[in-house]
Amino acid sequence: IAQQEAAGEDSSEAIAKLAEEQTKLNNNIATDEGDTGLVSQAATGNVPVRSGRPTPSGSSDTVVDEPAVDEPAAEEPVVEEPAGDNTETEEDNTSGGAATSFVPTTNYADFQISGGVAGNAAAEANAIFVDPFVGVDLATVDDAILDGMSIMRELAEDAETELFNPQIEAASGAEADELQNGKIKNKVLKLTGFKQVLNIKIAKGKAAGEDTSADEAKLAEEQGKLNNNIATDESNAGATSRAATGTVSPRVRKARAFGLKNLKVWRRW
């Protein structure tokens, strides 16, 4: 729609399709939220790539219902600036930082990993905080990305104290065990996020010629905690893991500094 309107083309068909898909999305979100806390299992197996699919490289008036194979669907919408004001390139990122597929969020539910089963928390947490930075010079990561990651790490920490701990204390039997498994997975998530925050801070500090010894000592400490919780998660491999119910809010000071609603995030897949 944005590309068509920028080119002065008729976007009415795409707008109508967007409204139709938004309704479907709203219905499925409502159904999912109605099942909050229930164990969810992924189907096994693979699906073949459809042949002859239209791609975004086609004509500008082609509406693509699903993302092309080499462009995974964005988990969150990119916040666009008015046409004509954008003079940055993808390599420039938000304000000169390195391009990454990491997109910060202030909604814990968007990145929590506690549901499903135990045993793979390290890979799940890495997919959130580490994998998007493969091949990226951490010293060049934008400060807004670092702030957003710090908020996400704090949300995971608050989920542990405000959600998991009281719910585990109130539960018993299998439910308590499942919540405990979920808490361990959340600890892995929290510590992986903290580790990556420290990695970025150390890289940026060294690039600026600053003393990073305090952060390096903290990194070693957090790595030890992370290793212990990964070992606990792996020892429970295959056991049902339950996410805590409820929400946690960003800590006000950092959330205001971050200004998520005004952040423009460039993504490279």
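Note that these values count all heavy atoms, side chains included, but never hydrogens, waters or copies made by symmetry.
Lys17 places a side-chain heavy atom less than 4.5 Å from the side chain of Glu21. Gln180 places none of its side-chain heavy atoms less than 4.5 Å from the side chain of Glu175. In this structure the side chain of Pro132 reaches within 4.5 angstrom of the side chain of Thr100, judged on heavy atoms.
Both Leu146 and Ile151 are members of a single hydrophobic cluster when ILVMFWY side chains are connected at heavy-atom separations under 4.5 Å. Transitive grouping of hydrophobic side chains (ILVMFWY, heavy atoms separated by less than 4.5 Å) brings Phe164 and Leu155 into a common cluster. Grouping the Ile, Leu, Val, Met, Phe, Trp and Tyr side chains by contacts below 4.5 angstrom, directly or via other members, places Leu191 apart from Ile128. Residues Leu163 and Val188 do not share a hydrophobic cluster, defined by chaining ILVMFWY side chains whose heavy atoms lie under 4.5 Å apart.
Thr192 and Ala125 make their closest contact through OG1-CB, 3.5 Å (heavy atoms, listed as atom of the first residue, atom of the second, distance). A pairwise comparison of heavy atoms in Ile200 and Val141 identifies CG2-CB, 4.1 Å as the closest pair. The nearest pair of heavy atoms linking Tyr108 to Ser114 is OH-OG, 4.1 Å. A pairwise comparison of heavy atoms in Leu219 and Asn199 identifies CD2-OD1, 3.4 Å as the closest pair. Contact between Thr140 and Asp137 at its shortest, heavy atoms only, is OG1-O, 2.7 Å. Between Gln167 and Leu179, the closest heavy-atom pair is O-CD1, 3.7 Å.
Residue Pro104 forms a side chain to side chain contact (heavy atoms under 4.5 Å, CB included) with just one option from Ile145, Asp110, Asp147, and that option is Ile145.
Below 30°, between 30° and 60°, or above 60°: for Phe102 and Phe133 the angle between ring planes is between 30° and 60°, a tilted geometry.
Taking CD1 from Ile113 and OG from Ser241, the interatomic distance works out to 8.5 Å, rounded to the nearest 0.5 Å.
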Walk me through it: do Asp211 and Ser213 pass the test side-chain hydrogen bond (donor to acceptor under 3.5 Å, both in side chains)?
CA-CA 6 Å; Asp211 180 13; Ser213 57; 2.9 Å; yes
From CA spacing to verdict: salt bridge (Lys or Arg N to Asp or Glu O under 4.0 Å), Lys183, Glu178
CA-CA 9 Å; Lys183 176 181 175 179; Glu178 292 170 6; over 6 Å; no
Show your working on side-chain hydrogen bond (donor to acceptor under 3.5 Å, both in side chains) between Asn227 and Gln223 and close with a plain yes or no.
CA-CA 6 Å; Asn227 291 344; Gln223 183 67 62; 2.8 Å; yes
Could you give me the CA-CA distance, side-chain angles and deciding distance for Ile184 and Lys187, then say whether side chain to side chain contact (heavy atoms under 4.5 Å, CB included) is met?
CA-CA 5 Å; Ile184 294 300; Lys187 279 179 172 287; 4.2 Å; yes
Determine, stepwise, if the pair Glu210 / Lys201 fulfils side chain to side chain contact (heavy atoms under 4.5 Å, CB included).
CA-CA 10 Å; Glu210 300 171 353; Lys201 290 178 66 177; over 6 Å; no
Could you walk me through whether Lys195 and Phe129 satisfy the side chain to side chain contact (heavy atoms under 4.5 Å, CB included) test, starting with their C-alpha distance in whole Å, then the side-chain angles of each, then the deciding distance to 0.1 Å, before giving a yes or no?
CA-CA 9 Å; Lys195 173 186 172 182; Phe129 289 119; over 6 Å; no
Check the pair Ser150 / Val197 against side chain to side chain contact (heavy atoms under 4.5 Å, CB included), numbers first and verdict last.
CA-CA 6 Å; Ser150 296; Val197 165; 3.8 Å; yes
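Under the salt bridge (charged side-chain N to carboxylate O under 4.0 Å, His left out) criterion, the residue pairs touching residues 114-133 are Glu124-Lys185, with sequence neighbours excluded. Under the salt bridge (charged side-chain N to carboxylate O under 4.0 Å, His left out) criterion, the residue pairs touching residues 221-230 are Lys218-Glu221, Lys218-Glu222, Glu221-Lys225, Glu222-Lys225, with sequence neighbours excluded.
The existence of a salt bridge linking Arg242 and Asp177 is excluded, since no basic side-chain nitrogen approaches an acidic carboxylate oxygen closer than 4.0 Å.
By the neighbour-count criterion of 12 heavy atoms within 6.0 Å, atom NZ of Lys204 is densely surrounded, having more than that number from other residues, nucleotides or ligands.
Leu25 forms part of a hydrophobic cluster together with Ile29, judged by ILVMFWY side-chain heavy-atom separations under 4.5 Å.
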